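One structure is given below, encoded as structure tokens.
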2 protein chains.
Amino acid sequence: MTLAEAVTPFDTKTRILNAAEKLFGMNGFDATSLRDITAEAQVNLAAVNYHFQSKDSLIDAIIARRILPINQRRLEKLAAAGHPPSVEQIVEAFLAPLLMPEMLPAIPLIGRVMSNPDQFFERVFKKHLQHVAERFSQAIREALPELSPEEAFWRLFFMAGCMTQVLALSSVLPLLSGQPVDRHALMRRLVNFVAAGLRAPVAAAAPMRKEP
Amino acid sequence: MTLAEAVTPFDTKTRILNAAEKLFGMNGFDATSLRDITAEAQVNLAAVNYHFQSKDSLIDAIIARRILPINQRRLEKLAAAGHPPSVEQIVEAFLAPLLMPEMLPAIPLIGRVMSNPDQFFERVFKKHLQHVAERFSQAIREALPELSPEEAFWRLFFMAGCMTQVLALSSVLPLLSGQPVDRHALMRRLVNFVAAGLRAPVAAAAPMRKEP
DNA sequence: GTCTATAACCGGATAGAC
DNA sequence: GTCTATCCGGTTATAGAC
């Protein structure tokens with residue numbers, strides 16, 4: 001056992017994944033070189049290409065490692081809710097899996113891929129999120145049958161957007177708010193806000209008033 | 001007058017700003033080289049450094065060109081609202097300036113800088129947004145006096161987050177929703193959702209139920 | 001003000017020894 | 001599986017002619 005292994009007791013592949021997740025999350029994909037990653041992981045530069053073929057495939061691997069268990073837990077929590085589920089149950093099923101302690105180091109990265117249009121559609125939505133979104137959209141219409149499918153879709157998008165922005169800017173939230181941030185208190189505020197938004201009375205299609 | 005000037009009737013500096021705004025918005029700051037920008041703008045590579053010193057200062061100039069008029073209009077609309085302003089007036093004052101037709105080409109860029117933690121705090125919030133946020137936070141507490149300053153701050157953040165995500169992913173919204181997107185209809189849905197979130201009943205601090 | 005040419009550097013990927 | 005050395009293309013920025 002070398003010194004590096006004693007300090008960071010994981011195999012090379014895992015060390016690369018952990019280092020890449022941290023640096024990609026902190027500085028972004030383009031701004032993080034494979035050399036940065038191998039320095040942080042204390043592995044050789046060529047090990048990245050040996051284990052992951054390319055930087056691009058490494059990014060895919062990092063995303064999949066985190067988003068698959070999150071989605072699994074989301075669907076489990078949604079299935080465990082009643083029929084119809086309460087609005088709060090839906091919101092919690094969607095958000096709570098991100099609060100699991102083992103997800104903490106991945107939060108900046110998740111915020112990035114969810115808010116970056118380059119990554120988002122092909123790399124995240126189509127591959128990992130589409131079926132989950134459909135399931136949650138159904139649940140929203142069960143809980144709030146007065147919503148049209150379009151309205152339910154957009155409200156789901158706004159819910160995800162609120163969450164994403166919290167994740168994406170998590171590193172600067174203490175600076176923005178001027179004080180330390182309690183993640184669980186923040187999550188309660190977010191659930192409260194989003195649940196009210198989901199329940200909003202359906203507005204008239206046009207700006208002018210119509211019959212009620 | 002050269003041919004290039006006849007085709008794009010702006011001076012070199014403006015052509016660079018327009019091309020950079022478009023390409024930075026489409027592909028991000030790191031993925032867009034000065035060579036990409038000068039090719040799109042049909043100007044010489046060295047012109048960027050002559051007019052803007054560095055890529056970094058060019059980014060600052062692009063952000064300032066768009067965010068200053070938006071903020072001015074936001075504050076005007078807020079000042080024009082009554083005392084106390086209605087929740088809808090507050091939300092509209094914040095969002096509507098982004099719908100001005102001349103802002104359309106800047107939407108992807110604005111979405112990027114608002115959701116990227118690297119740019120956001122130093123380059124955007126401290127320089128351009130802090131005083132506006134304070135003004136809007138005041139307005140929210142005027143309209144909803146039962147909210148604590150902390151709660152008002154976070155609800156303002158959630159409102160901005162919903163909006164930011166719409167801007168950041170604007171280029172993929174038709175793919176996500178499966179149909180063309182009417183910007184004004186989307187804005188009405190967003191105002192409706194966010195207004196309800198702002199008006200959410202204040203939740204108890206702890207998860208367990210307390211006296212009402 | 002605008003151009004060409006180039007300096008100085010850094011990126012991802014890979015060949016081939018061990 | 002892991003390393004060193006290297007290829008090759010791309011980057012920002014600038015010097016200096018016009």
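Only this structure's heavy atoms are used, side chains among them; waters, hydrogens and symmetry mates stay out. A quick note: this is a predicted structure, and the numbers were derived from the prediction, not measured.
With rounding to whole Å, B:L45 atom CG is found 10 Å from C:dT4 atom P. Rounded to whole angstrom, the span from the CZ atom of A:F52 across to the C1' atom of D:dT2 amounts to 15 Å. If you take CZ of A:F24 and P of C:dG11, they are 12 Å apart, rounded to a whole angstrom. Distance, A:R35 CZ to C:dT14 C1': 12 Å, rounded to whole Å. The CG-C1' distance, from A:D30 to D:dT11, rounds to 13 Å in whole Å. Residue A:Y50 contributes atom OH, which lies 17 Å from atom C1' of D:dT4 at whole-angstrom precision. Rounded to an integer number of Å, the gap from NZ of A:K55 to P of C:dG12 is 4 Å. For A:D36 and C:dG12, the CG to C1' distance is 13 Å, given to the nearest whole Å.
With hydrogens and angles disregarded, a donor-acceptor distance shorter than 3.5 Å links the side chain of A:N71 to the backbone of A:H128. With B:S170 contributing its side chain and B:L167 its backbone, the two residues share a donor-acceptor pair below 3.5 Å.
Within the 4.0 Å cut-off from OP1 or OP2 of C:dT2, at least one side-chain nitrogen or oxygen of B:T12 is found. Put simply, A:N44 has no side-chain N or O that comes within less than 4.0 Å of OP1 or OP2 on D:dT2.
Spacing of C1' atoms, D:dC7 relative to C:dC9, comes out at 16 Å, to the nearest Å.
In the set D:dA13, C:dA13, D:dG1, C:dA13 carries the atom at the smallest distance from any side-chain atom of A:N49. Distances from the side chain of B:S33 to the nucleotides D:dA13, C:dA13, D:dT11 place D:dT11 closest.
Residue-environment remark: NZ (A:K126) stays at or below the threshold of 12 foreign heavy atoms within 6.0 Å.
Contact annotation for B:A46: base contact, defined as any heavy-atom pair under 4.0 Å involving a base atom.
Between the side chains of A:R112 and A:N27, no donor N or O sits under 3.5 Å from an acceptor N or O.
Salt bridge annotation for A:E21-A:R65: present, with a cationic side-chain nitrogen under 4.0 angstrom from a carboxylate oxygen.
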